[in-house]
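Okay, so here's the structure we're looking at.
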Amino acid sequence: MSENATLAALPRQDAGTGSARALRREGRVPAIVYGGDKDPAMVSVEDQRLRWLIGRGSFTAALLDLQIEGAGRERVIPKEVQCHPVTDRPLHVDFMRVSAASELTVRVTVSLLNQDVCIGLRAGGSLAVAQYDLEVICRADSIPESLEVDIAALEIGGSIRLSDITLPDGVRPAGDDDLLIVSVSAPAGGLADEDISEEEGQEGEGDAEPAAD
C-alpha cells in the first residue's frame, strides 16, 4: 500500500452559491467533510492540487489525509466529485471520514498483465475488455491500487471472470463474482493470416498433379 496523499483545506463559513463562486474565482473548490462521530465540516481545497490528485486516477478509491487549517488532520476518502459539464472543472467535493478499520465499497482499476505474450492476441484475436474497474469491499487500510489480471494464457474464445482471479487479502467482490472482465474473440475475417497461409499451402500440395512418367 502506498502512503496516503495529503490535501490542504481551509474552513469556510458560507454555504451559498455566491460564496462558492467566489471561492472558485480564487482558485479554490468548496467541499464538505462528513461521517464518523463528528458534525459535517465545510472546507475548501486548492483547485490545482485537487485536479492533480484526480488526474492520478482512482481518486474515489484512494485514502487522503486532509489537513484542515485550525482543526488538524482528517483521514478521508472522496465519495463524490461534481464537475462542470463543459470544462470538467471540479465544482464541489464530498469527503467521508474513515478509520483504518472502516469497511468501504470502492471501485478499483483493473490492470491487464502480459498483453504482449497473450496466446489469443498473438494468434490474431481481438481483446474485449468488459470491466475497466471493479467494485469491491475492503477495509480502508487495505484498498488495492489496482486489481491485476494476467491474460498470458488467454486463448481465442476464452474469457476471464471475477471468480477466476485471486483478490488481495481482505478484499471481496461487492456484487456478482461471475462478472466478465476480459475476453479474446476471433479475428473479424475468421482465421489469422498465418493460419490462412498454412491452409492455402496445404491445399496447393494436395491439388498438385502427379508428374508424368
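From Arg172, atom CZ reaches atom CG of Asp177 across 12.5 Å, with rounding to the nearest 0.5 Å. Atoms OG and CG, on Ser44 and Leu50 in that order, are 11.0 Å from each other to the nearest 0.5 Å. Taking CZ of Arg49 as the start and CD1 of Ile54 as the end, the distance is 11.5 Å to the nearest 0.5 Å. Note that SG of Cys83 and CZ of Arg51 are 9.0 Å apart. Values are rounded to the nearest 0.5 Å.
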**OP:** Decide yes or no on side chain to side chain contact (heavy atoms under 4.5 Å, CB included) for Met96 and Ile32, but give the supporting numbers first.
**Re:** CA-CA 8 Å; Met96 186 178 74; Ile32 189 168; over 6 Å; no

**OP:** With side chain to side chain contact (heavy atoms under 4.5 Å, CB included) as the test, would you mind laying out the steps for Leu162 and Asp176 before giving the verdict?
**Re:** CA-CA 8 Å; Leu162 180 53; Asp176 182 10; over 6 Å; no

Subject >> Criterion side chain to side chain contact (heavy atoms under 4.5 Å, CB included) on Asp47 and Arg89, from CA distance to verdict >> reply: CA-CA 9 Å; Asp47 179 274; Arg89 176 183 178 182; 3.4 Å; yes

**OP:** Might you work through the side chain to side chain contact (heavy atoms under 4.5 Å, CB included) test for Ile181 and Ile165, ending with a clear yes or no?
**Re:** CA-CA 10 Å; Ile181 299 176; Ile165 68 173; 4.0 Å; yes

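Hydrophobic clustering (ILVMFWY, side-chain heavy atoms < 4.5 Å, transitive): Leu104 and Val81 are in distinct clusters. Val76 and Val98 fall into different hydrophobic clusters, where Ile, Leu, Val, Met, Phe, Trp and Tyr side chains are chained together by heavy-atom contacts under 4.5 Å. There is no path of hydrophobic side-chain contacts, each under 4.5 Å, that joins Val106 to Leu53. Each of Trp52 and Leu91 belongs to its own hydrophobic cluster when Ile, Leu, Val, Met, Phe, Trp and Tyr are linked at side-chain heavy-atom distances under 4.5 angstrom. In the hydrophobic clustering of ILVMFWY residues, with side-chain heavy atoms under 4.5 Å counting as a link, Val110 and Val136 come out together.
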Side-chain donor-acceptor pairs under 3.5 Å in residues 55-70, sequence neighbours left out?
residue : atom : partner : partner atom : Å
Ser58   : OG   : Thr109  : OG1          : 2.9
Asp65   : OD1  : Arg75   : NE           : 3.2

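Here the side chains of Val33 and Arg97 are in contact, with some heavy-atom distance below 4.5 Å. Residues Leu179 and Arg161 form no side-chain contact, since every pair of their non-hydrogen atoms from C-beta on lies 4.5 Å or further apart. Proximity of Lys79 to Tyr34: side-chain heavy atoms (C-beta onward) are separated by under 4.5 Å at one or more points. Within the 4.5 Å cutoff, side-chain heavy atoms of Cys118 are placed close to those of Val184. The closest side-chain heavy-atom distance from Arg28 to Glu46 is below 4.5 Å. Taking the side chain as every heavy atom from C-beta outward, Val171 and Ile143 never approach each other to under 4.5 Å.
Across all non-hydrogen atoms, the minimal contact from Ile156 to Pro187 is CD1-CD, 4.2 Å. The two residues Leu121 and Gln115 have their closest heavy-atom pair at CD1-O, 3.7 Å. Smallest separation of non-hydrogen atoms from Leu180 and Val182: CD1-O, 3.8 Å. Listed here is the closest heavy atom pair of Ser159 and Leu154: N-CD1, 3.4 Å. Across all their heavy atoms, Leu147 and Pro168 have their closest contact at CD2-CD, 3.9 Å. For Ala9 against Val43, the heavy-atom pair with the smallest separation is CB-CB, 4.0 Å.
With a 6.0 Å radius and a threshold of 12 heavy atoms from other residues, nucleotides or ligands, Arg21 has its CZ atom at or below the threshold. At most 12 non-hydrogen atoms from other residues, nucleotides or ligands lie less than 6.0 angstrom from OH of Tyr132. By the 6.0 Å contact criterion, CD on Gln48 is open, its count of non-hydrogen atoms from other residues, nucleotides or ligands being 12 or less. For CG of Asp178, the number of neighbouring non-hydrogen atoms (other residues, nucleotides, ligands) closer than 6.0 Å is greater than 12.
In summary, Arg139 and Glu103 do not engage in a salt bridge, as defined by a charged side-chain N under 4.0 Å from a carboxylate O.
Remark: Arg107 pairs with Asp133 by the salt bridge (charged side-chain N to carboxylate O under 4.0 Å, His left out) rule, at least two apart or across chains. Applying the side-chain contact (heavy atoms from CB on, under 4.5 Å) rule to Pro30 yields the partners Arg12, Ala20, Leu23, Arg24, His92; only residues at least two apart in sequence or on another chain are considered.
A side chain to side chain contact (heavy atoms under 4.5 Å, CB included) with Val149 is found for one member of Val129, Ile160, Asn114 and no other, namely Ile160.
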